[in-house]
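Heavy-atom basis, side chains included; hydrogens, waters and symmetry copies ignored. Note on naming: letters A, B, ... go to the chains in the order of the sequence lines (proteins, then strands), and numbering restarts at 1 for each one.
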Amino acid sequence: MIQELHQKLITKEISATELARDYLRRIEEKNPVLNAFITVAEKEALKQAEKVDKKIANGDEISLLAGIPVAIKDVIMTEGIKTTAGSKILENYIAPYDATAAKKIKDAGAVILGKNNCDEFAMGSSTENSAFGPTKNPHDLARVPGGTSGGSSCAVAADLSVYSLGTDTGGSVRQPAAFCGVVGLKPTYGSVSRYGLIADASSLDQIGPLTKNVADAKIVFDMIKGKDEKDATSVSLKHKNIKTLKQKDSLAGFKIGIPQEYFIKGIDAEVEIAVREVIEKVRELGAEIIEVSLPYTEYALAVYYIIQPAEASANLARFDGIRYGNRGITRNTTLNYADKLIDVYKKTRAEFLGDEVKRRIMLGTYALSAGYYDAYYKKAGQVRTLIRKDFKKVFDKVDILLTPTTPTPAFKLGEKTNDPLTMYLEDIFTVPANLSGVPAMSLPCSKTKTGLPIGVQLIAPWFNEDALFEVGERLEKSNL
Amino acid sequence: MLTKEEVKHIADLARIELSEKETEKYQAQLGKILDYMEKLKQVNTIGTPISDGGMIDLENVWREDEISDRQLVTSDKELISMAPEVENGQVKVESVF
């Protein structure tokens with residue numbers, strides 16, 4: 001889609017300004033119901049579009065992303081534009097600088113339409129934890145769009161933006177992509193800079209694109225990837241063992257692993273049937289199907305819900321009402337009065353952080369506290385090593401893994417909000433990729449009888465995003 | 001299972017004020033989540049190192065400790081002005097003790 005729009009722009013079939021206005025009009029019309037955007041940056045978007053139009057008029061060469069309307073998840077900083085992380089504590093926070101990923105697409109001429117709704121500080125699985133109200137699933141307004149990049153997946157599915165930059169800590173790009181019927185990529189840990197991303201869990205977070213199709217995911221990923229001196233965990237990409245397929249429509253010579261642990265009891269029947277059909281499809285396309293096992297998968301969720309809260313509890317210590325954001329006391333009144341610094345911290349966090357964020361901070365604080373560190377954080381770190389070894393071993397045998405993205409299609413708003421553990425179980429197929437750092441992508445493969453999208457997940461070895469694109473594009477072409 | 005006192009202690013460490021009702025709610029919810037974590041006890045991890053995160057080939061990043069002529073992205077003035085309370089160009093807070 002990006003390539004096609006780019007062609008239309010450079011042949012002057014449409015102008016960047018017309019394109020931006022077209023998307024802004026749809027946002028104005030549909031966002032009051034969908035709530036995919038927290039902030040719409042109309043003025044900035046039109047200014048950027050004009051700049052691109054001038055370049056085109058001058059006959060200058062423009063980047064593939066120039067003039068293409070994009071939305072950005074509200075945990076990624078955008079200079080001069082409000083960046084809330086879906087939290088009351090940052091409800092008036094104007095980012096003082098750009099995240100590297102945002103800067104890269106801005107420098108390429110991208111037209112930023114606004115900031116997408118998300119679960120507060122990217123903690124959740126449904127976007128219901130946003131302080132600014134939930135986003136709706138455009139396929140069924142009574143259902144969630146997934147989370148935490150639910151505003152992003154909704155915006156792309158409903159044509160409110162061409163693509164979006166989301167973030168994936170335990171499935172937050174892939175699961176909403178599956179729920180809304182779009183493509184979502186979580187790159188290899190370290191391949192995209194996290195500078196300017198409001199940190200959730202630093203050893204798990206990655207910025208990734210949500211797009212209409214696989215070709216777009218590749219275009220955006222290629223634009224945002226690479227080493228950044230401002231993120232010490234970012235690396236220059238060293239592509240290893242890339243198998244390039246010779247025939248355009250065939251998967252001959254490709255070994256695709258089906259991990260038995262991802263077809264468990266409790267998986268929705270329609271989801272299982274849809275994914276089994278994809279397996280038959282890749283077999284028809286010539287791939288060799290190999291049943292494999294990743295025995296430590298069953299512990300991944302427990303490991304994740306120790307490590308993520310532990311890291312988040314440290315990262316979110318900075319939100320204390322001192323240097324930026326809201327502050328939870330009123331001076332010169334007896335109401336909510338605090339006369340000691342520690343009370344300012346406690347009242348600020350009590351008032352402006354949401355339930356789920358408090359829950360995770362406490363869970364993480366507990367897992368790191370004296371007397372419990374060995375039983376929780378250390379144990380989880382060790383099992384994480386074993387989960388990673390599972391992937392290492394399995395990728396000696398196969399080129400790529402194929403699994404369902406989620407155990408169920410989109411669930412109803414409010415269905416899981418009273419039971420945090422049930423909500424956590426939603427992430428069961430997506431967290432292993434974050435724990436081990438491997439890249440993974442969800443793409444739409446089918447729909448339920450009631451019209452809800454179903455996603456299939458492809459998982460590749462470290463730095464082999466190209467394998468995801470190669471297989472993904474062939475699946476797309478085969479009219480999945 | 002967590003006791004009420006443990007929940008209060010964690011909230012104190014986490015710098016979050018909780019009401020009595022919230023304490024009870026989190027006691028039940030956190031207890032249930034921690035019960036789920038019990039399954040990790042089944043895994044034999046003797047001699048297994050702790051994972052160093054999502055990266056492979058983790059390397060430390062070094063640079064010379066010297067003053068860079070690179071422009072700061074944001075001025076200190078601008079950053080300080082973001083604080084909820086500022087006086088004479090400094091962030092103002094309540095007394096520590």
Side-chain angles (χ1 to χ4, degrees), chain A residues 93 96-97 189-190 202-204 206 232-233 235 296 298-299 301-303 305-306 313 317 320-327 338-347 349-350 353 358-359 361-363 365-366 369 376 378-386 388 420-421 424 434-437 462, chain B residues 2 6-7 9-19 22 25-26 29-30 32-63 72-75 78-85 91-97:
Chain A
Y93 180 75
Y97 58 89
Y189 184 84
S202 305
S203 81
L204 301 161
Q206 267 298 285
T233 60
V235 288
Y296 288 101
E298 71 163 299
Y299 303 105
L301 200 74
V303 169
Y305 277 100
I306 291 171
S313 72
D320 56 7
I322 304 299
R323 287 161 298 160
Y324 38 68
N326 278 328
R327 181 174 224 188
D339 60 354
K340 294 280 179 286
L341 187 58
I342 192 162
D343 297 323
V344 176
Y345 299 154
K346 286 184 180 177
K347 286 185 193 296
R349 291 158 72 80
L353 294 178
K358 286 181 192 167
R359 198 151 38 233
I361 290 176
M362 286 196 281
L363 196 57
T365 303
Y366 181 71
S369 66
Y376 291 101
K378 185 179 170 197
K379 186 79 179 182
Q382 289 173 312
V383 181
R384 184 177 184 179
T385 300
L386 298 171
R388 165 118 112 213
L421 188 58
Y424 296 174
N434 300 80
L435 290 170
S436 52
W462 294 269
Chain B
L2 285 174
E6 281 176 306
V7 176
H9 176 62
I10 301 164
D12 198 42
L13 290 174
R15 307 289 189 248
I16 298 171
E17 191 177 78
L18 292 186
S19 68
E22 283 174 313
K25 182 181 80 180
Y26 286 123
Q29 289 176 340
L30 295 175
K32 198 171 160 195
I33 296 163
L34 290 170
D35 285 346
Y36 179 80
M37 309 304 183
E38 288 293 304
K39 71 193 300 179
L40 291 182
K41 285 192 180 152
Q42 302 161 7
V43 187
N44 179 359
T45 50
I46 296 169
T48 306
I50 300 178
S51 164
D52 51 17
M55 282 191 82
I56 51 170
D57 308 331
L58 190 68
E59 273 171 28
N60 213 343
V61 179
W62 302 97
R63 65 168 174 82
L72 288 170
V73 278
T74 315
S75 70
E78 194 184 337
L79 288 177
I80 286 171
S81 74
M82 302 185 96
E85 247 187 303
V91 175
K92 188 175 175 183
V93 298
E94 267 60 27
S95 72
V96 177
F97 300 109

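- Once rounded to the nearest 0.5 Å, the distance linking CZ of A:R359 with CD1 of B:I33 reads 6.5 Å.
- Residue B:K39 qualifies as enclosed at atom NZ: its count of foreign heavy atoms under 6.0 Å is above 12.
- At a threshold of 4.5 Å between non-hydrogen side-chain atoms, the residues B:E17 and A:D343 do not count as touching.
- Atom CG of B:L18 is separated from atom NZ of A:K346 by 9.5 Å, given to the nearest 0.5 angstrom.
- If you measure heavy-atom distances from B:V96 to chain A, the contacts under 4.5 Å come from both the backbone and the side chain.
- Once rounded to the nearest 0.5 Å, the distance linking OH of A:Y366 with CG of B:L34 reads 5.5 Å.
- The two residues A:G325 and B:P84 come nearest to each other via the heavy atoms O-CG, 3.4 Å.
- Options A:A380, A:A350, A:S313 differ in how many heavy-atom pairs under 4.5 Å they form with chain B, and the most are formed by A:A350.
- Counting heavy atoms from C-beta on, the side chains of A:K358 and B:E22 come closer than 4.5 Å.
- Taking OG1 from B:T48 and CG from A:L386, the interatomic distance works out to 4.5 Å, rounded to the nearest 0.5 Å.
- By the 4.5 Å heavy-atom criterion applied to side chains, A:L421 and B:D35 are not counted as neighbours.
- Between B:L79 and A:P96 the shortest heavy-atom distance is CD2-CG, 4.1 Å.
- At distances below 3.5 Å, at least one donor-acceptor pair connects side-chain atoms of A:R349 with backbone N or O atoms of B:A14.
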**Asked** Could you go step by step and tell me if B:V93 and A:V344 meet the side-chain contact (heavy atoms from CB on, under 4.5 Å) rule?
**Response** CA-CA 9 Å; B:V93 298; A:V344 176; over 6 Å; no
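- Of the residues considered (A:Y299, A:Y324, A:Y93), A:Y299 shows the highest number of contacts with chain B, using heavy-atom pairs under 4.5 Å.
- Of the listed residues B:V61, B:T45, B:V43, the one with more heavy-atom pairs under 4.5 angstrom with chain A than any other is B:T45.
- Rounded to the nearest 0.5 angstrom, B:Q42 CD and A:E298 CD are separated by 6.5 Å.
- Here the options are A:L363, A:I361, A:T365, the test is side-chain contact (heavy atoms from CB on, under 4.5 Å), and the partner is B:I10; only A:T365 passes.
- Proximity of A:Q382 to B:S51: side-chain heavy atoms (C-beta onward) are nowhere separated by under 4.5 Å.
- Residue A:S369 touches chain B through its side chain alone, counting heavy-atom pairs closer than 4.5 Å.
- Neither the backbone nor the side chain of A:Q206 comes within contact range of chain B; no heavy atom of the residue lies under 4.5 Å from a heavy atom of that chain.
- Among B:R63, B:K32, B:K41, the residue making the largest number of heavy-atom pairs under 4.5 Å with chain A is B:K32.
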**Prompt:** side-chain contact (heavy atoms from CB on, under 4.5 Å) between B:M37 and A:K379: does it pass, once the steps are laid out?
**Reply:** CA-CA 10 Å; B:M37 309 304 183; A:K379 186 79 179 182; over 6 Å; no
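- Distance OH/A:Y305 to OH/B:Y36: 10.0 Å, rounded to 0.5 Å.
- Looking only at side-chain heavy atoms (C-beta outward), B:R15 and A:D320 stay at 4.5 Å or farther from each other.
- Both the backbone and the side chain of A:I322 have a heavy atom closer than 4.5 Å to some heavy atom of chain B.
- At a 4.5 Å heavy-atom cutoff, the contact between B:D12 and chain A is made by backbone and side-chain atoms alike.
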